[in-house]
Undergrad: 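Handing you this structure, nothing more for now.
Protein chains get the first letters and strands the later ones, always in sequence-line order, with residue 1 at the start of each. Computed over heavy atoms, backbone and side chain alike; hydrogens, waters and symmetry mates excluded. As the structure is a computational prediction, the values presented were derived from the model and not from experiment.
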Number of protein chains: 2
Amino acid sequence: MSSRPHRAPTIYDVAQAAGVSKSLVSLVLRGSSSVSEARRTAVLEAMARLDYRPSQAASALAGATTRTIGVLIDDYRNLWFVELLRGLQEGLAEHGLRIAVADHTLNAHVEASPLDGFLSMRVDGLVIATEPSAAMRVPEGLPVVVAGHRQAVVPGADVVANDDRLGARRATEHLLGLGHRGIGHLTGGGGAARLRAEGFAEAMSAAGPAPRTVPGTGATTEEDGYVAAARLLDEAPETTAVFAANDTMAMGALAAARERGLRVPQDLSVIGYDDSPIASTHLLELTTVDSRNARIGAMAAERLMARIAGNGGPAGCSLLSPELVVRGSTAPPRPGA
Amino acid sequence: MSSRPHRAPTIYDVAQAAGVSKSLVSLVLRGSSSVSEARRTAVLEAMARLDYRPSQAASALAGATTRTIGVLIDDYRNLWFVELLRGLQEGLAEHGLRIAVADHTLNAHVEASPLDGFLSMRVDGLVIATEPSAAMRVPEGLPVVVAGHRQAVVPGADVVANDDRLGARRATEHLLGLGHRGIGHLTGGGGAARLRAEGFAEAMSAAGPAPRTVPGTGATTEEDGYVAAARLLDEAPETTAVFAANDTMAMGALAAARERGLRVPQDLSVIGYDDSPIASTHLLELTTVDSRNARIGAMAAERLMARIAGNGGPAGCSLLSPELVVRGSTAPPRPGA
DNA sequence: CTGAAAGCGCTTACAG
DNA sequence: CTGAAAGCGCTTACAG
């Protein structure tokens, strides 16, 4: 084998090795059905032999489409996107679309807006799984779905989200059903948190007891949960149950409870939201609400494919039902409480 | 404005709008210094006005380089890559390289190997932040650095890792220094875990007490930590301190301790490894070892840039010093213990 | 199925 | 700086 420094094989090389035309190789690449089995095999074997990999750049430039969907997430540490990706992937698999993921800091050193990379890449569609900012102008005609509830809206984009209000009602009703009356809610910023707070208020007002909603320092981190819970427990000692806007805040609430000598769930019930990986740990055993993010991803894929196919219709909002996941952090209040 | 359905502006459009030649636009795009300030401004303004975004496909195809580095991670849930990315980004920023991230499942529906996407993309370099598999054949000449200790090696690749053995020694010496003698280590699979176990054994044998190392079910999850710690605490009740191969396992150990009525740190000290986001929560306050992943990323960027520039030399292994982070989960053993 | 041709939007190299 | 040209590796469309 002569050393061929660096020149990657092209369809031309593959065609020659397989003894077919370049056109045929291109047909195989795009999975055309009008290729005989024998020739297809020959081409695939030649590709494997030459270690051929199609140039994404060339096919993107020549073709009308890149067959890739960009997914913009908030922060790699907010793991809710993991299941979203799984559902998206399953929905996209049959169409052979690939996925590209970025958060807003990933290429902040080379691009002005986090969307720039995806647009330069000429993605066929976009999933925005973060709070849309004003800088996020997307070309009209590009299929976009916003995943999850947000404060801002993207014109022309579909929204696919968990029914946060319903989930919050279910969480609250779970606590009410256990017999709790002194129930507090820990809230934070963002569209989802706002809806969850509303769902909490609805369920509470339907049941009677005065709802008490307390924010941390404005966000929805563990620290916020800790601060909010500390405030709640100190100001309202009659509290026997806490509903946090998400699992991370619930984790902070657990710390605040422990500091006050309150055992969970005997002295205090705690419920989160999201069913994130930490919720199912032995340490937390956190009762929570499963947003069914994989289903949100699958639905997002569906909306995207419909728009790409041209039959999208007007932008809509799809709400999916969340599900209560009961674990060890909630129990009836103590008889004396 | 006539509706121009869908055709994205090209350098041709920009040139015309700015009243310059296409060549000049290309020079501005690539940041050439031989362009007058006036013309550069005119071009940039035209780009902004037209909402122009360079086609990544076209520049990749025409140019010799894509100016992007691929980063292959293990799983989005293993957050150690987050800081790695930050360091990588800082190191790459001055060179204007962008980053593309994927885990091995992201495009499993369209490609055989997780590296295929990056190779089709013709990345200029690769960071492998996961256990290399046999399927990961990389073209010779492509700059590759393996980040973190692994079982397998990639021929020709540099390795940049935290000195796991040293970090484990420091963790163990911290416990020894507090006065602990009954110290157990929770281990799991992978190159890093093996080195951490070795560092533990070294520090223990230098100090005297018999080291006890126990695995969970083979991996390094919270469940593994829980199982391993349960085993350890039941079989060796004289244990007063536990060193887990990582923070996640330490979290499991905390659960096992709580189940046995052991308070942390009064009855049992627990130390982890990685300084992951959970370690600094109020709930865990976990003493741990900071791998300095951002520095690993920065070093990886440096190695990559050197190889891209052609002065890489033979593949090497760079080991960075970890740092002990003392929090609330470790303390001296109780006098009676 | 093949073959020849044009073109995607850039970069490169060069004469002016 | 401009302008004309070639080419990157594919896809597309079409005549055979």
Side-chain angles (χ1 to χ4, degrees), chain A residues 4 6-44 46-47 50-68 96 98 119-124 139, chain B residues 4 6-44 46-47 50-68 96 98 119-124 139:
Chain A
R4 212 175 20 172
H6 247 7
R7 199 184 130 293
T10 70
I11 46 168
Y12 187 89
D13 303 310
V14 173
Q16 191 174 302
V20 300
S21 70
K22 285 174 282 182
S23 305
L24 207 245
V25 176
S26 180
L27 287 174
V28 171
L29 267 185
R30 285 168 296 129
S32 163
S33 56
S34 63
V35 178
S36 72
E37 209 40 62
R39 286 181 203 265
R40 177 190 308 282
T41 311
V43 168
L44 293 176
M47 287 177 171
L50 296 178
D51 222 3
Y52 170 80
R53 289 166 211 283
S55 158
Q56 229 169 265
S59 69
L61 190 55
T65 163
T66 51
R67 306 195 68 68
T68 116
R98 67 166 53 78
L119 297 180
S120 265
M121 206 183 276
R122 308 288 191 256
V123 292
D124 293 341
Chain B
R4 213 176 19 173
H6 247 8
R7 198 183 131 295
T10 69
I11 46 169
Y12 186 90
D13 302 310
V14 174
Q16 191 174 303
V20 301
S21 70
K22 285 175 284 181
S23 306
L24 207 244
V25 176
S26 180
L27 286 174
V28 171
L29 266 186
R30 284 167 297 130
S32 164
S33 57
S34 63
V35 178
S36 73
E37 209 41 61
R39 286 180 202 268
R40 176 190 310 283
T41 312
V43 168
L44 293 176
M47 286 178 172
L50 297 178
D51 223 3
Y52 169 80
R53 290 166 212 281
S55 159
Q56 229 169 265
S59 69
L61 190 56
T65 163
T66 51
R67 306 196 69 68
T68 117
R98 67 166 51 79
L119 297 180
S120 263
M121 206 183 274
R122 307 288 192 256
V123 292
D124 293 341

Undergrad: Keeping B:T41 on the side-chain end and B:E37 on the backbone end, is there a donor-acceptor pair under 3.5 Å?
TA: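 Yes; judged by distance alone, with no hydrogens or angles, the pair exists.
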Undergrad: Side chains of A:P9 and A:D51: does their closest heavy-atom pair fall under 4.5 Å?
TA: no
Undergrad: Looking at every non-hydrogen atom in both residues, tell me the closest pair between B:R67 and B:T65 and how far apart they are.
TA: N-OG1, 3.0 Å
Undergrad: Should A:R122 and B:R53 count as side-chain neighbours, where that means a heavy-atom distance under 4.5 Å?
TA: yes
Undergrad: Are B:T68 and B:D124 packed together at the side-chain level, in the sense that at least one heavy-atom pair is separated by less than 4.5 angstrom?
TA: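 No; the side chains remain at least 4.5 Å from each other.
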Undergrad: What does nucleotides 5-16 of chain D look like as a protein-contact string, B for base, S for sugar-phosphate only, - for none, at under 4.0 angstrom between heavy atoms?
TA: --BBBBBB----
Undergrad: Work out which heavy atom in A:A18 is nearest to a heavy atom in A:A46; give both atom names and the distance.
TA: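 Closest pair (atom of A:A18, atom of A:A46, distance): CB-CB, 3.8 Å.
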Undergrad: With a 4.5 Å limit on heavy-atom distance, are the side chains of B:T66 and B:R98 in contact?
TA: no
Undergrad: Note every stem involving DNA chain D: at least three consecutive Watson-Crick or G-U wobble pairs, i with j then i+1 with j-1, with both distances under 3.5 Å.
TA: C:1-3 with D:14-16, C:5-12 with D:5-12, C:14-16 with D:1-3
